[in-house]
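So that we are looking at the same thing, I have put the structure below in structure tokens.
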Amino acid sequence: MRKLELIEAINKRLSNPLHPKTLSVFLGRAFNQILFETFRKDFSGLDLLTKTYRNVPIEYDEEQDIYYSDLPATIVKLPIAGDGVRGVNSMKSKDLEFVPIKSGDVLIQSGLEVSSMPGNPIPYYIMDERVEYVGSSWLREMGRVKLRLVRSIDEYDMLENIYIPSGRDELLIETTVNMANGAPTEKEINDNSDKTK
Amino acid sequence: MPNTSGLITIDKIVKSYLNEKGISIPENYFRYKQIIVEGYTDLNIHNTTYVEEFIGNVNDANQMGLPGDLINWVSVSVEVNGEYWPLDYNDDLIIPKTNACGNAISFPEQFSVANIKGEGYTRRRRNLAGQFNVNLHDRVIGFKGDFRNKKIYVVYTSSGVSDTFVTYVSRALLPTLKAYLNWVIKERDDALPLSHKQRAEYLYGLELQKIENFNNSMSAKELLAAVRDGYTQGVKQ
């Protein structure tokens with residue numbers, strides 16, 4: 001279902017219809033909640049909700065000596081390493097080149113054998129709204145990567161399809177309606193008075 | 001068509017475990033890999049007879065540095081006209097720690113490392129080309145006889161994991177190391193009941209026994225020799 005169609009369907013259930021962009025915010029919150037509840041035991045089933053961003057540049061922060069890539073879109077927050085970044089790869093590779101970790105693991109594993117073994121996949125974590133990579137100066141040669149992201153609803157265009165987890169369609173609409181009911185209605189007269197509509 | 005490889009990487013062991021568990025998100029990849037590295041090191045020290053080979057250069061002080069993964073040496077040889085001649089071990093040899101000026105002795109970067117595993121070596125004895133002593137604490141070999149700038153070939157038992165080259169593990173250890181990983185993960189999970197931990201430990205013990213049986217198995221020659229040793233010759237009637 002396209003995002004605009006979903007918003008229209010939800011609006012029809014509201015006692016006071018809201019502006020599509022306002023309703024989109026509530027839809028985003030409801031969607032995040034359903035995403036977490038549906039997939040919390042197994043986050044491997046998010047393929048349909050994942051979008052691939054190609055040719056994302058790898059940049060170098062000289063001050064911190066870190067290679068990183070800016071996130072090209074807002075991602076959802078998931079309780080796993082890497083959050084909504086489900087995969088990083090060079091453009092044509094099909095191998096495990098990058099592995100998500102938690103940022104604290106970098107400190108714990110430094111000094112252990114695993115941190116210095118050659119042939120390791122490159123660890124990455126999400127920090128400061130960017131993907132930060134651990135080590136490997138040859139990242140500069142790689143230059144660009146493709147990122148597979150689970151995006152926030154806000155990143156969807158109005159005409160873009162939203163894939164609702166199976167069996168959760170009605171729950172999504174109901175949850176959004178509950179959140180939206182009670183929200184202030186749209187003001188028709190553009191003044192600062194509380195007494196006019 | 002080639003058969004599957006007899007040597008595998010530690011990454012393959014991690015991926016094999018993730019595949020068995022049905023885990024497609026490699027969130028704990030490095031944690032699992034570190035556990036397997038420690039399990040493999042433990043196996044090499046206590047349970048297996050895998051050896052490594054190392055070729056190094058002797059420095060101007062007639063000494064050579066040893067690799068960091070060395071547990072103990074098996075044999076030390078010097079290259080002579082394209083052959084390796086074994087040296088004699090002399091634990092009375094003194095290995096100086098500083099040169100004549102009192103400066104610490106430096107070791108040149110070793111020029112090659114051979115990562116070939118074997119079950120044990122038998123070497124034909126040749127004219128002894130010199131003597132050596134080993135300081136395991138300082139990781140140094142000292143020589144009697146002039147071996148400066150010569151290539152020295154060392155066979156040694158290794159902790160197993162290289163931080164310079166990709167580490168290859170015998171395929172025979174694949175089930176053992178996966179069982180070890182499974183056991184350690186369960187052992188460190190405080191929420192799991194004891195029975196789960198004990199079961200995992202038991203399964204690891206079974207795999208360990210298989211490896212020890214594999215390593216200690218007799219060759220046909222050894223078996224026949226043991227059988228013949230048991231024969232007694234009765235008095236002829």
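Please read these numbers as outputs of a predicted model, since none were measured by experiment. Any value given below was found using the heavy atoms of this structure, including those in side chains, with hydrogens, waters and symmetry copies removed. By convention in this document, chain letters (A, B, ...) are assigned in the order of the sequence lines, proteins followed by strands, and residues within each chain are numbered from 1.
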Next item on the list: Enter the distance from Glu155(A):CD to Thr74(A):OG1 here, rounded to the nearest 0.5 Å.
Entry: 4.0 Å
Checklist line | Partner of Leu172(A) under side-chain contact (heavy atoms from CB on, under 4.5 Å), chosen from Ile10(A), Ile164(A), Leu35(A) | finding: Ile164(A)
Margin query: Looking at every non-hydrogen atom in both residues, tell me the closest pair between Leu177(B) and Gly39(B) and how far apart they are.
Written below: CD2-C, 3.8 Å
Note to self: Within this structure, what is the CG-CD1 distance for the pair Leu171(A) and Ile34(A), rounded to the nearest 0.5 Å?
What the structure shows: 4.0 Å
Check: Arg151(A) versus Tyr53(A): any side-chain heavy-atom pair under 4.5 Å?
Finding: yes
Next item on the list: Could you verify whether a donor N or O on one side chain and an acceptor N or O on the other, from Tyr67(A) and Asp61(A), lie under 3.5 Å apart?
Entry: no
Check: Ile10(B) versus chain A, heavy atoms under 4.5 Å apart: side chain, backbone, both or neither?
Finding: side chain
Tell me which donor-acceptor pairs, judged by distance alone and kept under 3.5 Å, run between chain A and chain B, one pair per line.
unit_1	atom_1	unit_2	atom_2	d
Ala81(A)	N	Glu27(B)	OE2	2.8
Asp95(A)	OD1	Lys15(B)	NZ	3.2
Glu113(A)	N	Gln34(B)	OE1	3.4
Glu113(A)	OE1	Gln34(B)	NE2	2.9
Val114(A)	N	Gln34(B)	OE1	2.9
Asn120(A)	OD1	Lys33(B)	NZ	2.2

